[in-house]
Amino acid sequence: MIKKIIQEKIYNIFNKTFEGVSIDISDVDIVDSKKVEHGDYATNISMKYAKKLNMNPLQIAEKISNQLKSDTETFFDDVVYIKPGFINFKINSLIFNRILKDIYKNRERYGSGIKKNDKLIVEYVSANPTGYLHLGHLRNAAVGDSVCRILKFYGFDVQSEYYINDYGNQIKMLGKSLEVRVKNLMGENIEMPEDGYQGEYLLKVAEDFLLAFPDTTSLKSNNFEEFAKDYLLEEIKKDLKSLNIDFDNWYSEKEKIHETGLLEKTLNKLDNLNAIYDKDDARWIKTSEFGDADDWVLIKSDKSSTYFLSDIAYHEDKVNRGFDRIINIWGADHHSHVSRLKASMKSLGNSQTHFDFLMIQFVRLLKDGKDISMSKRSGQYTTIKDLLSLVNKDVVRFMMVTRSSDTHFDFDLNQCLQDSDENPVFYIQYANARINSIIKKSGVSELDINKMDIIESDKEIKLIKEIIGFEDAIKDSAQSLSPHKLTFYLQNLAKEFHSYYKSTKILNENQDQVMSRLVLITTIKFILSNGLQLLGASSPEEM
RNA sequence: GCGCCAGUAGCUCAGCUGGAUAGAGCAACGGACUUCUAAUCCGUAGGUCGGGGGUUCGAAUCCCUCUUGGCGCGCCA
């Protein structure tokens with residue numbers, strides 16, 4: 001909010017001072033000064049408009065800062081222009097105090113965006129219900145859930161969705177695999193097919209299957225498929241629950257696309273739009289005409305449909321459900337699907353809806369510097385259950401979003417098993433717990449902002465500036481779909497607090513001063529616990 | 001061969017819609033507990049931003065090119 005005020009001031013002065021040159025208010029960037037000598041905030045507007053004004057940036061800066069100095073009395077302590085053309089602002093501490101009070105009054109709502117009209121859908125995880133969730137899904141899940149929470153907090157109407165791939169070859173094979181395991185348990189010595197699901201987990205499913213169907217004589221393949229799929233989907237839901245993740249919608253491919261006739265409808269629509277053609281006994285979509293490198297098969301020569309056709313139908317359905325923005329969070333190994341899906345949507349004439357794709361790069365699990373993502377002995381992936389048995393859920397959630405999703409990420413077990421230094425989650429949680437402890441100790445039950453002393457110390461002003469930065473952190477994270485920005489912000493805020501804590505005794509005899517400090521740290525606590533919550537992590541009151 | 005992502009301090013990574021002397025955490029080194037939780041703090045050291053061109057007042061950031069690594073290029077999902 002403070003930047004907005006400065007922005008408007010400059011915008012107005014610019015218009016008054018330089019008539020004839022139109023300025024876009026969004027061009028007036030107000031940034032945090034990186035160095036103390038450069039004041040609190042700065043702008044580079046005079047360099048930006050030097051060419052348009054045909055003036056030396058320094059001259060422009062001079063004119064603007066002179067105006068700012070003359071027409072404001074209490075807002076700025078100082079306005080200086082410097083070398084290439086930057087204008088630096090030093091804000092009056094009374095302004096900071098006023099802002100702190102405003103923020104405190106908003107409590108946990110501080111940082112939230114104004115309500116936006118856009119309806120968003122975020123699809124993520126969407127792992128096939130043919131096995132347990134593993135490490136590869138984990139990052140996707142953590143990023144997806146955090147993105148949803150942040151977007152909601154930022155003011156969007158957000159729905160999260162899990163696309164259940166419960167139709168087609170994989171499910172058939174899953175059914176067959178379970179059948180083999182069940183028969184194995186009953187003493188039949190038959191082999192698992194080459195492309196069957198070899199994992200040991202199916203033995204457990206088979207055991208439970210026999211408990212549910214003791215009499216196997218009249219069973220059909222259908223029974224195996226349904227049982228295995230439902231069973232594993234439940235396990236997936238349990239795993240997600242243990243990560244503090246819940247979806248608004250569970251979208252069944254079978255029920256929503258195949259049993260409703262949506263697949264044929266979509267195919268017909270494409271056909272009517274002249275977007276498909278026949279070749280080699282198959283039906284192809286002309287994605288190459290809409291920006292993709294190749295055409296793709298929708299109907300195979302055996303007349304069955306491909307996964308891709310379902311995917312087109314699914315996204316056509318998302319569009320028809322009225323979403324303004326469709327966000328898909330996919331594994332990076334699916335990146336080629338982006339251009340072909342986009343091309344298909346274009347061929348269907350869906351140009352209004354905005355598509356975003358977040359590609360999640362691979363995660364490796366490191367222990368003692370070695371990659372243990374996949375157990376060499378059994379050929380099994382590390383599951384979410386495995387990992388959660390080793391590492392605290394909060395740590396997992398947080399660590400999984402600390403890196404930008406388009407870089408590879410090494411999850412270091414040694415680091416996460418530490419209780420201190422190396423572990424950023426505890427660092428933040430500890431700050432929160434410390435604040436809570438001080439509040440308790442103070443015995444002040446009701447904070448009164450009218451009894452506050454004026455905050456003027458450098459360290460405290462710095463903290464207020466950091467608090468103000470939360471709004472930007474949320475905005476940046478939301479707009480770029482990057483939860484990692486929030487993790488960096490929170491670590492920084494915690495750091496500033498710890499430093500302040502060490503340097504300043506918060507509780508003392510001066511009641512007004514204590515009150516102002518309590519308001520300050522309580523505001524930090526609101527942000528820390530809220531920020532952790534947005535990342536799916538908890539904020540214990542005591543540690 | 002084509003496409004996507006990445007290459008920044010010893011390690012893991014921010015910064016990338018161009019801005020001031022390139023940042024953080026860890027590791028290393030040196031300090032701080034009679035004081036609200038030392039799961040903490042303070043300080044030191046550490047860099048040809050993969051290489052080379054270009055664009056301009058100004059490039060880690062934009063363009064071109066080369067290079068290294070990961071991933072993808074099915075009538076699989």
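Letters A, B, ... are given to chains in the order of the sequence lines, protein chains preceding strands, and every chain is numbered from 1.
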Heavy-atom donor-acceptor pair, A:Asn88 side-chain to B:A20 base, under 3.5 Å: yes
Touch class at under 4.0 angstrom, heavy-atom based, for A:Ser437 against every strand present: base
Below 4.0 Å: OP1/OP2 of B:A20 and any side-chain N or O of A:Lys34: yes
Out of B:G19, B:A77, B:C36, whichever nucleotide has its closest atom nearest the side chain of A:Lys441: B:C36
Sugar-phosphate only, base, or nothing, as touched by A:Asn165 at under 4.0 Å among non-hydrogen atoms: sugar-phosphate
Sugar-phosphate, base or nothing in reach of A:Ile82, heavy atoms under 4.0 Å: base
Touch class at under 4.0 angstrom, heavy-atom based, for A:Ala42 against every strand present: base
Sugar-phosphate only, base, or nothing, as touched by A:Phe362 at under 4.0 Å among non-hydrogen atoms: sugar-phosphate
Sugar-phosphate only, base, or nothing, as touched by A:Ser404 at under 4.0 Å among non-hydrogen atoms: sugar-phosphate
Closest listed nucleotide, where the reference is the side chain of A:Asn169 and the choices are B:A38, B:C76, B:C13: B:C76
Within 45° cone of A:Tyr167 ring axis and under 6.0 Å: A:Lys254 NZ or CZ: no
Minimum-distance nucleotide to A:Lys300 side chain [options: B:C13, B:C75, B:G72]: B:C75
Flag for A:Asp302-A:Ser304: side-chain donor and acceptor within less than 3.5 Å: yes
Sugar-phosphate only, base, or nothing, as touched by A:Ser301 at under 4.0 Å among non-hydrogen atoms: base
B:G19 OP1/OP2 closer than 4.0 Å to side-chain N/O of A:Thr43: no
Touch class at under 4.0 angstrom, heavy-atom based, for A:His337 against every strand present: base
Phosphate contact (B:C75 OP1 or OP2) by A:Tyr307 side-chain N/O below 4.0 Å: no
A:Phe488, nearest nucleotide to its side chain (from B:C36, B:C13, B:C4): B:C13
Sugar-phosphate only, base, or nothing, as touched by A:Gln491 at under 4.0 Å among non-hydrogen atoms: nothing
Below 4.0 Å: OP1/OP2 of B:A6 and any side-chain N or O of A:Arg403: no
Selection from B:C75, B:G19, B:C41 that lies nearest to any side-chain heavy atom of A:Phe86: B:G19
Sugar-phosphate only, base, or nothing, as touched by A:Ala282 at under 4.0 Å among non-hydrogen atoms: base
